[in-house]
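Notes follow the structure.
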Amino acid sequence: MTKKGKWVMGVLAAVLVMAGFVFPAVAGAATATPENWAPLIAKIVMGLSLSLGLAGSAVGLSIAFQALLGGGAENFYKNIAVAMMPSSQGIYAIVVLFSNMDGLNTDPYAVAGKAAIAGIAMFFSAWYQGNVCAAGIRSIQEGRNTIANALVSGAMPETYAVFALVMTFIMK
């Protein structure tokens, strides 16, 4: 892993740890009875999963847009579709959150597991999709590739985020 990757992972870990201390649901934990812990844990995991999906999209977008901006103003609008591809994982994370909220009281541990798996998959697929899209943008700007090849290549990491999203609906 590169120095930049280690730095991003370290910041992400620090944010997640700090979020655990200041998360609003934790404030109500002092008055929670043991049977109410499961929905609380599920809510925390769902919130962290949403954060991972959104953070992955932000990282992927920043990587892709760095390559896009490096190509100059004349290539910006020609390649913007490729650069926008990592944003979809944040949308998928929101869908996972809202589609699993009804299971918080019936099966909170399954909801927490589904959300955790989806959040991790979406974080890494968005991050690496940003890398693939940046490479595609650079190849388009150098005249060695077409935009169709860059779009197809950029869609490949996204398939795993789609698999994670679909599995949250299939898993019981």
Side-chain angles (χ1 to χ4, degrees), residues 4-5 8-9 11-20 22-25 39 41-69 71 75-138 140 147-172:
K4 187 180 193 182
V8 169
M9 290 301 289
V11 169
L12 179 65
V15 168
L16 291 176
V17 168
M18 293 303 291
V22 298
F23 199 79
I41 291 169
K43 288 177 185 177
I44 292 170
V45 171
M46 285 177 61
L48 293 176
S49 172
L50 175 64
S51 299
L52 281 173
L54 294 173
S57 285
V59 170
L61 284 169
S62 68
I63 292 168
F65 269 90
Q66 287 175 21
L68 183 66
L69 292 172
N75 291 322
F76 186 82
Y77 291 107
K78 183 170 84 172
N79 300 324
I80 197 163
V82 178
M84 291 294 293
M85 290 180 77
S87 65
S88 58
Q89 280 84 340
I91 297 167
Y92 299 157
I94 293 169
V95 170
V96 168
L97 174 80
F98 284 116
S99 65
N100 287 305
M101 289 187 70
D102 59 344
L104 284 174
N105 293 324
T106 58
D107 197 2
Y109 293 117
V111 168
K114 291 190 280 186
I117 291 168
I120 292 168
M122 289 177 197
F123 176 78
F124 284 109
S125 70
W127 185 345
Y128 287 105
Q129 186 179 30
N131 290 334
V132 171
C133 291
I137 289 168
R138 281 192 290 272
I140 292 168
I147 194 163
N149 291 345
L151 287 169
V152 169
S153 299
M156 290 299 102
E158 179 150 356
T159 57
Y160 291 93
V162 172
F163 291 158
L165 175 66
V166 169
M167 291 312 294
T168 61
F169 293 115
I170 294 173
M171 290 171 50
K172 302 237 184 247

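The figures that follow rest on heavy atoms only: side chains count, while hydrogens, waters and symmetry mates do not.
Judged as a side chain to side chain contact (heavy atoms under 4.5 Å, CB included), and not counting sequence neighbours, the contacts of A67 are A134, I137, R138. Here A161 pairs with Q89, Y92, M122, S125 under the side chain to side chain contact (heavy atoms under 4.5 Å, CB included) rule; sequence neighbours left out. V152 pairs by the side chain to side chain contact (heavy atoms under 4.5 Å, CB included) definition with nothing, not counting sequence neighbours.
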Can you give each donor-acceptor pair under 3.5 Å made by side-chain atoms of residues 76-87, sequence neighbours left out, with the distance rounded to 0.1 Å?
from	atom 1	to	atom 2	distance (Å)
N79	ND2	N75	O	3.4
S87	OG	M84	O	2.7

Review item, side-chain donor-acceptor pairs of residues 93-107, under 3.5 Å, at least two apart:
from	atom 1	to	atom 2	distance (Å)
S99	OG	V95	O	2.9
S99	OG	V96	O	3.3
N100	OD1	K114	NZ	3.3
N100	ND2	V96	O	3.0

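Sorted by first then second residue, the ring-ring contact (aromatic ring centres under 6.0 Å, His included) pairs that include residues 153-172, not counting sequence neighbours, are Y160-F163.
Checking side-chain atoms of S51 against main-chain N and O of G47 turns up a donor-acceptor pair under 3.5 Å. Side chain of S57 to main chain of L54: no donor-acceptor pair is present (N/O by atom type, distance under 3.5 Å, no hydrogens or angles).
In terms of heavy-atom proximity, A164 sits nearest to A118 at CB-CA, 4.0 Å. Summarising the geometry of L52 relative to F123, their closest heavy-atom pair is O-CD1, 3.4 Å, with the distance given to 0.1 Å. S153 and V132 get closest at one heavy-atom pair: O-CG1, 3.3 Å.
Rounding to the nearest 0.5 Å places CD1 of I91 at 11.0 Å from CG of L165. Atom CD of Q66 and atom CG of L61 lie 11.0 Å apart (nearest 0.5 Å). Between I120 atom CD1 and S49 atom OG the span is 8.0 Å, to the nearest 0.5 Å.
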